[in-house]
> 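Handing you this structure, nothing more for now.
By convention in this document, chain letters (A, B, ...) are assigned in the order of the sequence lines, proteins followed by strands, and residues within each chain are numbered from 1. On a predicted model such as this, the values are computed, not experimentally measured, just so you know.
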Protein chains: 2
Amino acid sequence: MQTNDHLKPTDSELEILNILWEKGPCTVREVHEVLEKSKEAGYTTTLKLMQIMHDKNLLKRDATNKSHIYTANISQEKTQGQLVKRMIENVFNGSASQLVMQALGQHKSNNDELQEIKRYLEEIEKRSSTNK
Amino acid sequence: MQTNDHLKPTDSELEILNILWEKGPCTVREVHEVLEKSKEAGYTTTLKLMQIMHDKNLLKRDATNKSHIYTANISQEKTQGQLVKRMIENVFNGSASQLVMQALGQHKSNNDELQEIKRYLEEIEKRSSTNK
DNA sequence: TTCGTCTTACGAAATTATTCGTAGACAATT
DNA sequence: AATTGTCTACGAATAATTTCGTAAGACGAA
């Protein structure tokens, strides 16, 4: 039994995962058509990538029909969490707040987003003060 | 003239950059000794890596003495910013607030850190309301 | 001087990621 | 039946990253 808890999807793999997370189960062709919009790529390249991802257990597939149907086998949330964690460790020396501030400075968030973050912060504070 | 604005340091390169950012100018040996604490590595491996980073303009060096002295040639802040930006785009589909919340959930921040983030948020709000 | 140690430079192996060409299977169309 | 198109599988070229062995020069100690 293999978990992929430690796995780090490459950039290309991430592009494919993003498509599958958004659209749900897809054939190679469907994924490929989305990819083509944003970059040059041959069909067999996409196919091969998805086969490799299947070997790595990043995707699962239904092969009953001729056109196999692929699904992401790792959750978006969990993957995002792992990547963020890795970045906190490797790039921000363990300081999540440093990352947070870089992120806020990097990308202009609109007011709704800022409010959401504030709510979230307050929730954390509440939790941590009761957990004393 | 070449900028390295688009460059993405690899994980190994980041380890070296972190050391140089923290300690300032170092010889290969000094860097290597820090690296050895956290992982297995031969001296020439570290040397080669730093030479390559010098070729890529990630490091600059003073070669007047026999033991060359290397310095990071990209700033920590700027590098962190680029990596965060890339992550927002590739992993969080452009939503900085999603990343922020993942980061806060990922790593338990202490109260001081939370306060700092709150201050920062308020500053952003202030700025955006005057810039209407 | 001669030996051991430290340094850089260089080349190359090993590994991983990315790309694509080609072949074979299968089904629909002519 | 022959052609065309779509699919998978496979192998291989290319490129980037990481690793390390070895050579050559400098330097100091025995």
Side-chain angles (χ1 to χ4, degrees), chain A residues 2 4 6-20 25-71 74 79 83 86 90-91, chain B residues 2 4 6-20 25-71 74 79 83 86 90-91:
Chain A
Q2 148 169 18
N4 16 34
H6 48 91
L7 242 50
K8 181 197 177 193
T10 66
D11 286 350
S12 306
E13 288 172 345
L14 219 39
E15 288 179 320
I16 289 171
L17 284 169
N18 276 324
I19 293 167
L20 290 171
C26 284
T27 62
V28 173
R29 178 140 314 267
E30 288 170 314
V31 169
H32 180 63
E33 262 154 23
V34 178
L35 273 185
E36 266 187 323
K37 286 190 233 158
S38 54
K39 73 172 199 181
E40 195 83 0
Y43 174 81
T44 51
T45 303
T46 306
L47 171 66
K48 181 72 165 187
L49 262 175
M50 291 177 71
Q51 286 171 339
I52 290 172
M53 291 171 75
H54 179 249
D55 291 346
K56 291 188 190 173
N57 259 308
L58 293 175
L59 306 183
K60 59 190 168 196
R61 74 177 170 191
D62 173 353
T64 52
N65 294 311
K66 187 185 160 190
S67 292
H68 302 174
I69 296 183
Y70 289 81
T71 319
I74 54 178
T79 306
L83 292 173
R86 177 189 295 267
N90 298 345
V91 182
Chain B
Q2 150 170 15
N4 16 35
H6 48 91
L7 241 49
K8 182 197 175 192
T10 66
D11 286 350
S12 306
E13 290 172 344
L14 218 39
E15 287 179 320
I16 289 173
L17 284 169
N18 276 324
I19 294 167
L20 289 172
C26 284
T27 62
V28 173
R29 177 138 316 266
E30 289 170 314
V31 169
H32 181 61
E33 261 155 24
V34 177
L35 272 184
E36 267 188 323
K37 287 191 231 154
S38 53
K39 73 172 201 183
E40 194 84 0
Y43 174 81
T44 50
T45 303
T46 305
L47 171 67
K48 182 71 167 190
L49 263 175
M50 290 176 71
Q51 286 171 340
I52 290 171
M53 290 170 75
H54 179 249
D55 291 346
K56 291 188 189 173
N57 259 306
L58 292 175
L59 306 184
K60 58 191 168 195
R61 73 177 172 193
D62 173 354
T64 51
N65 294 311
K66 185 184 160 192
S67 293
H68 302 173
I69 296 183
Y70 289 81
T71 320
I74 54 177
T79 306
L83 292 173
R86 179 189 293 269
N90 297 345
V91 183

> Write down the distance between CG (D55(B)) and C1' (dG11(C)), rounded to a whole number of angstrom.
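Between C1' of dG11(C) and CG of D55(B): 14 Å.
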> Taking 4.0 Å as the cut-off, does a side-chain nitrogen or oxygen of Y43(B) come that near to OP1 or OP2 on dG21(D)?
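No, no such contact exists.
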> Does dA16(D) have OP1 or OP2 sitting under 4.0 Å from an N or O in the side chain of K8(B)?
no
> Once rounded to the nearest 0.5 Å, what's the spacing between atom CG of L58(A) and atom CD1 of I16(A)?
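Between atom CG of L58(A) and atom CD1 of I16(A) there are 10.0 Å.
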> D11(B) has an atom CG; how far is it from atom P of dT16(C), in whole Å?
14 Å
> Check whether the side chain of K66(B) and the base of dT8(C) form a donor-acceptor pair under 3.5 Å.
no
> Taking only side-chain nitrogens and oxygens of R61(A), does any of them come within less than 4.0 Å of OP1 or OP2 of dC7(D)?
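False: R61(A) side-chain N/O out of range (4.0 Å or more) of dC7(D) OP1/OP2.
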> Tell me which nucleotide among dT7(C), dA9(C), dT18(C) gets nearest to the side chain of T10(A).
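So the nucleotide nearest the side chain must be dT18(C).
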> What is the distance, rounded to the nearest whole Å, between atom CG of L58(A) and atom C1' of dA17(C)?
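One finds 13 Å between C1' of dA17(C) and CG of L58(A), rounded.
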> If I take atom CG in residue L47(B) and atom P in nucleotide dT7(C), what distance separates them, rounded to the nearest angstrom?
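Rounded to whole Å, this separation is 9 Å.
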> State whether T27(A) places a side-chain N or O below 4.0 Å from either non-bridging phosphate oxygen (OP1 or OP2) of dC7(D).
no
> Phosphate oxygens OP1/OP2 of dG5(D): is one of them under 4.0 Å from a side-chain N or O of R29(A)?
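Answer is no, no contact under 4.0 Å.
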> Between atom CG of D11(B) and atom NZ of K8(A), what is the distance when rounded to the nearest 0.5 Å?
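Between D11(B) CG and K8(A) NZ, I get 4.0 Å after rounding to 0.5 Å.
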> Rounded to the Å, how far apart are H54(A) NE2 and dA9(D) P?
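Interatomic distance, NE2 of H54(A) to P of dA9(D): 9 Å.
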> For Q51(B) and dT7(C), give me the distance from atom CD to atom C1', rounded to whole Å.
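Rounding to the nearest Å, CD of Q51(B) and C1' of dT7(C) are 11 Å apart.
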> Please classify the nucleic acid contact of T45(A) as base, sugar-phosphate, or nothing, using heavy-atom distances under 4.0 Å.
base
> Using whole Å, report how far CE of M50(B) lies from C1' of dA9(C).
15 Å
> Return no unless some side-chain N or O of T44(B) is found under 4.0 Å from OP1 or OP2 of dT22(D).
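Indeed not, no polar side-chain atom of T44(B) lies that close.
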> At less than 4.0 Å, is any side-chain N or O atom of S12(B) found next to OP1 or OP2 of dT18(D)? Yes or no.
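So the side-chain polar atoms of S12(B) do come within 4.0 Å of the phosphate oxygens OP1 or OP2 of dT18(D), strictly under.
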> Ignoring hydrogens and geometry, is there a side-chain-to-backbone donor-acceptor pair from T27(B) to E30(B) under 3.5 Å?
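Yes, because the side chain of T27(B) sits within donor-acceptor range (under 3.5 Å) of the backbone of E30(B).
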> Separation of E40(A) atom CD from dT19(C) atom P, in whole Å?
11 Å
> Side chain of L49(A) only, heavy atoms from C-beta on: which candidate in dT19(C), dT8(C), dA17(C) is closest?
dT19(C)
> Could you work out which one of dT17(D), dC20(C), dT8(C) sits closest to the side chain of K48(A)?
dC20(C)
> Quick one: NZ on K56(B) to OG1 on T10(B), what's the gap to the nearest 0.5 Å?
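Separation between the atoms: 6.0 Å.
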> Say you draw a straight line from NZ of K39(B) to OG1 of T46(B); how long is it, rounded to the nearest 0.5 Å?
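Rounded to the nearest 0.5 Å, the NZ-OG1 separation comes to 7.5 Å.
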